[in-house]
Amino acid sequence: MFKTPEDELPKPAYLALITKLQKAMLRDFDHDEAAAEALADWAEDVGGAGVRTMTFEQFHASVFELADQWCKTVQQAEYIAFFDQLLHA
């Protein structure tokens, strides 16, 4: 994954990652819908659509929120299994 010299995640890299994650997670994946959702998530996660990079802390919070929405419990083992499944999708 690409990052800036300031160790921040550029918007295009985030959008590509979120779109790929949606493709792995959703049975009825639609690229246009996924791209629109990724843009909306970006704006929410960084505080505005015009922001060009995301800090590690913002990325961490975004990924944690994703797992929190998809996992039924807050058990560490379930979160690990969730991310493991995504990484191998």
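Quick note: numbers below take in every heavy atom, side chains included, and nothing from hydrogens, waters or symmetry partners.
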Review point. Within a radius of less than 6.0 Å around CD of Gln76, do more than 12 heavy atoms belonging to other residues, nucleotides or ligands occur?
Key: no
Practice item. Apply side-chain contact (heavy atoms from CB on, under 4.5 Å) to the pair Thr19 and His31, showing each step before the final yes or no. Key: CA-CA 7 Å; Thr19 302; His31 188 273; 3.9 Å; yes
Check your understanding: How many angstroms lie between atom CZ of Phe83 and atom CG of Leu66, to the nearest 0.5 angstrom?
Key -> 6.0 Å
Review point. Would you find a donor on one side and an acceptor on the other, under 3.5 Å apart, between the side chain of Lys23 and the backbone of Ala34?
Key: no
Exercise for review: Taking Glu78 for its side chain and Lys72 for its backbone only, find out whether a donor-acceptor pair lies under 3.5 Å.
Suggested key: yes
Review point. Taking only residues two or more places apart in sequence or in another chain, which ones pass side-chain contact (heavy atoms from CB on, under 4.5 Å) with Asp41?
Key: Tyr14, Ile18, Asp45
Practice item. Kindly indicate whether the side chain of Asp68, heavy atoms from C-beta on, has any atom under 4.5 Å from the side chain of Tyr79. Key: yes
Point to revise | Taking every non-hydrogen atom, the tightest pair across Ala49 and Ala43 | key: N-CB, 3.8 Å
Exercise for review: Answer with yes or no whether the hydrophobic clustering places Phe82 together with Leu26; edges join I, L, V, M, F, W, Y residues whose side-chain heavy atoms lie under 4.5 Å apart.
Suggested key: yes
Practice item. For the residue pair Glu8 and Thr55, confirm or rule out a side-chain donor-acceptor distance under 3.5 Å. Key: no
Review point. Taking all atoms of both residues into account, what is the closest heavy-atom pair of Val46 and Thr53, and its distance?
Key: CG1-O, 4.1 Å
**Study point:** Chi angles and distances behind the side-chain contact (heavy atoms from CB on, under 4.5 Å) call for Met54, His60
**Key:** CA-CA 10 Å; Met54 175 182 278; His60 181 266; over 6 Å; no
Revision key, fill the gap. Rounded to the nearest 0.5 Å, the CG atom of Asp30 sits from the CD atom of Glu37 at a distance of 10.0 Å
Exercise for review: Could you check Phe56 against Leu9 for side-chain contact (heavy atoms from CB on, under 4.5 Å), going step by step and ending with a plain yes or no?
Suggested key: CA-CA 7 Å; Phe56 174 79; Leu9 183 64; over 6 Å; no
Exercise for review: Please step through side-chain contact (heavy atoms from CB on, under 4.5 Å) for the pair Trp70 and Met25, ending with a clear verdict.
Suggested key: CA-CA 10 Å; Trp70 281 82; Met25 294 168 28; 2.9 Å; yes
Check your understanding: Once you round to the nearest 0.5 Å, how far does CD of Gln22 lie from CG of Asp28?
Key -> 12.5 Å
Practice item. Kindly indicate whether the side chain of Trp42, heavy atoms from C-beta on, has any atom under 4.5 Å from the side chain of Leu15. Key: yes
**Study point:** Within-4.5 Å side-chain heavy-atom neighbours: Phe59 and Leu17
**Key:** yes
